[in-house]
Amino acid sequence: MLLLKVVPISLEQGLAYALVALGIALTFRVLAFPDLTVDGSFPLGGAVAARLIVEGVDPTLAALAGTLAGFVAGCLTGILNTRLKINSLLAGILMMTILYSVNLRIMGRANIQLLDRPTIFSPFEAMDMNRYVPVILLFLAVIFLCKLLTDLFLNTEYGLALQATGDNEDMIRAFGVNTDNATVIGLGISNAFVALSGALIAQDQGFSDVGMGIGMIVAGLASIIIGEALVKPKNVFRLTFAAIVGSVVYRLIIAVGLRLGLAPTDLKLATGVMVILALGIPAFKGEREGKLKLRGV
Amino acid sequence: MLTLQEITKIFNKNTQDEKRALHRLSLEIEAGDFVTIIGSNGAGKSTLLDVVAGTLMVDEGRILVDGEDVTRAPDYVMAKHLARVFQNPLIGTAASMTIEENLCLAQLRGQRRRLRWGVTKARRERYKDMLAVLGLGLENRLKDKVGLLSGGQRQSLALLMSTLSMPRLLLLDEHTAALDPRMAEKVMELTDVIIRDNNLTTLMVTHNMHQALNYGNHMIMLHQGNIQLDVRGQAKARLTVNEVLSQFGETLKDETLLCAT
Ligand SMILES: Nc1ncnc2c1ncn2[C@@H]1O[C@H](COP(=O)(O)OP(=O)(O)O)[C@@H](O)[C@H]1O
Ligand SMILES: [Mg+2]
């Protein structure tokens, strides 16, 4: 009974946020770069899309523009780190902070309502079926496409070099790869996914808010940790799959928690504790390596 | 082929810890030369390879490859001329990636990497054949992660990766030192075969005097950042461990000496 009620909403939310988890998997896992831009690039995608929709731009184009904005933001974080030699965590925090102002500028205020505007999801309202069905199918299609593209990309000559940048930077430089460029591109792609997620979610929920990215990193990390526990990420294909599964299961856990009386205000606390436990338990048990590979810290 | 003109490398310049690792060192290496490099700990051997490879920049002097000035070229640019194998097998391979992916990364040394499939069928077949030569059974483990391999297997793979793309210059830095004696000998024999079959110009640092004398056609001994002994051709072929020791025993007073006995 409880499950029946929470499954559709968790599935919708989980798939909607899966692109954030996918992006985080790309930076934290593949590039071994702890990128915190996400908290800013997620609302950036929403802000760009919402503003453009209000200006009368086609909602699909608006989402793509949001994606592009995320790509640029990610690249900028990469440039701060590789060209200006700013510590990776700090580069992400700087970008995230700057984006807060940028997002306010883009929207012109803290919040844009889209309820009476055409969105990618508008055609579904007219359909004679439960809204969840087409919405979930749309998200599934987008995620399938993004996952497929990521898997293919990571297996190309350039994609392999990008993987090696996260694994053994000195080695791949010695084989002629400018790892600075690879890092910038990788961060760009990751944040493009995150911003696309923000653009779609803003349209799905009917508003864009400057604060909607707060805690996105931690939620994304929780998702990939859960996903990797369920799907052993032995290769790229499984790594991206784990991110998506993890995102859905994370939203399911949250939805059940809320139903069971978890106060919505305590959500971020609960998520944070979840991540701390997942990261901390291996260290506490005396295992040599923690779960997260961090580079540049 | 490779020309070093009075190169100087100073670490921690203008501080209390200033250290002159290379001092006005000059060296001329011909195409096809196999140069072995010995010298006591801290003599500057690794630094020499680092500046040639572009991982470190010299403070003074010039580096030329076939007359082209590459003094300021960073490592990823120098990669089009050379490949390296290090003492630590972990440095030369990507642990979380598979054997075939590592070979693919290496095959494209110094080339543009494109948005096309990396490990193609044709490439995989080639890798199989090359791995079979190692005799370690790796040809049946193409999809295994390199992190699963032993040190010796990883180092053999690293060697194969470095020579796969036929570098004009091969740099080896005590690449057998971390292996057990049997494996070290196997890897060294393999190295010699690969170098000779492909006529690769090679710089090999070793702390094993026998290796330095038995292999290659040119030996240099470094001391305090400069070349103390430079023997080539016939003179090198005739040189014995005892001769080197009686002449330079003082300056080689450490592991180099131990390994020579
Ligand atoms: N990164 C560094 N910073 C400071 N000093 C260094 C550094 N690398 C090497 N050195 C010093 O330079 C000298 C030469 O080192 P190296 O080339 O590694 O010697 P080796 O002949 O044993 O390979 C040594 O005295 C060493 O302590
Ligand atoms: Mg050394």
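Protein chains get the first letters and strands the later ones, always in sequence-line order, with residue 1 at the start of each. Note: hydrogens, waters and symmetry copies are ignored here, and every other heavy atom, side chains too, is used.
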Scanning both residues in full, the closest heavy-atom pair of B:Leu105 with A:Ala164 reads CD1-CB, 3.6 Å
Got a donor-acceptor contact below 3.5 angstrom from the A:Glu157 side chain to the B:Leu115 backbone?
no
Nearest 0.5 Å, please: how far is CZ in A:Phe175 from CE in B:Met161?
4.0 Å
State whether the side chain of B:Lys145 and the backbone N or O of A:Lys234 hold a donor-acceptor pair below 3.5 Å, judged by distance alone.
yes
Ranked by heavy-atom pairs below 4.5 Å to chain A, first place among B:Ala158, B:Ser165, B:Gly92 goes to B:Gly92
Other residues, nucleotides and ligands only: do more than 12 of their heavy atoms fall within 6.0 Å of CZ on B:Arg196?
no
Looking at A:Val30, A:Asn168, A:Asp167, which hits side-chain contact (heavy atoms from CB on, under 4.5 Å) with B:Ser96?
A:Asp167
Among B:Thr55, B:Val77, B:Asp75, which residue meets the side-chain contact (heavy atoms from CB on, under 4.5 Å) test with A:Arg173?
B:Asp75
A quick test of your reading: do over 12 heavy atoms of other residues, nucleotides or ligands sit less than 6.0 Å from CZ of A:Phe153?
yes
Just give me the residue among B:Lys80, B:Arg84, B:Arg109, B:Gln111 that pairs up with chain A most often, heavy atom to heavy atom, under 4.5 Å.
B:Arg109
Given B:Ser162, B:Ala79, B:Ala53, the one with more heavy-atom pairs under 4.5 angstrom with chain A than any other is B:Ala79
More than 12 heavy atoms of other residues, nucleotides or ligands under 6.0 Å from NZ of B:Lys121: is that the case?
no
State whether the number of non-hydrogen atoms from other residues, nucleotides or ligands found under 6.0 Å of A:Phe241 atom CZ is greater than 12.
no
Rounded at 0.5 Å granularity, tell me how far CE in A:Met171 sits from CG in B:Asn102.
5.5 Å
Side chain from CB out, backbone as N, CA, C, O: work out which of these in A:Ala174 comes under 4.5 Å of a heavy atom of chain B, or both, or neither.
backbone
Greatest number of heavy atom pairs closer than 4.5 Å to chain A - which of B:Met97, B:Glu101, B:Met78, B:Arg112
B:Met97
Could you grab the distance from atom CG of A:Leu160 to atom CD of B:Glu100, nearest 0.5 Å is fine?
9.5 Å
Examine whether an atom of A:Ile172 lies under 4.5 Å from a heavy atom of chain B, and if so say whether it belongs to the side chain, the backbone or both; otherwise answer neither.
side chain
Can you find a heavy atom in the side chain of B:Trp117 that is under 4.5 Å from one in the side chain of A:Asn155?
yes
Quick one: closest heavy-atom pair of B:Tyr76 and A:Val177, and the distance?
CB-O, 3.4 Å
Gap between atom CZ of B:Arg114 and atom OG1 of A:Thr156 - 0.5 Å precision
12.0 Å
